[in-house]
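For reference, the structure is listed below as structure tokens.
Residues: numbered from 1 along the sequence shown.
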Amino acid sequence: MNGSEASVGAWAAIDGDCPIEYVVCRDEVEFRFGGREGFELFVTEQGLHRLADISAEALTAMREKTWHT
């Protein structure tokens, strides 16, 4: 990485009691996890569709105990 680049990593732990809110903002959806001081995620319609598909796939894998490595 040279001096003109930046890299940022972020994560959020979401359990069954984690507050999750959303707001539709024209062509994006803003998700807020964990309340006012939590983690925010902005997603386009196509991104939301992909996230929903991958989430359903991950849920099935968890339930069936089929791990991806």
CZ-CD1 distance between Phe33 and Ile20, expressed to the nearest 0.5 angstrom: 5.5 Å
Sequence-distant partners of Glu21, side-chain hydrogen bond (donor to acceptor under 3.5 Å, both in side chains), two or more places apart: none
Exercise: identify the closest heavy-atom pair between Cys18 and Gly34: SG-N, 3.5 Å
Taking side chain to side chain contact (heavy atoms under 4.5 Å, CB included) as the definition, give me every residue that meets it alongside Leu48, ordered by chain and number, with sequence neighbours left out. Val29, Phe31, Val43
Could you give the distance from OG1 (Thr60) to NZ (Lys65), rounded to the nearest 0.5 Å? 12.5 Å
Say you draw a straight line from CZ of Phe42 to CD of Glu30; how long is it, rounded to the nearest 0.5 Å? 4.0 Å
Checking Ile54 now: which residues fulfil side chain to side chain contact (heavy atoms under 4.5 Å, CB included) with it, not counting sequence neighbours? Arg50, Glu57
For Asp17, enumerate each residue passing the side chain to side chain contact (heavy atoms under 4.5 Å, CB included) test, keeping only those at least two apart in sequence or located in another chain. Asp15
Residue pairs passing the side-chain hydrogen bond (donor to acceptor under 3.5 Å, both in side chains) test with at least one member in residues 35-44, sequence neighbours excluded, are Arg32-Glu40
Given the rule that I, L, V, M, F, W and Y join up when any side-chain heavy atoms are under 4.5 Å apart, are Leu51 and Leu59 in one cluster? no
Are more than 12 heavy atoms, taken from residues, nucleotides or ligands other than Glu45, located less than 6.0 Å from that residue's CD atom? no
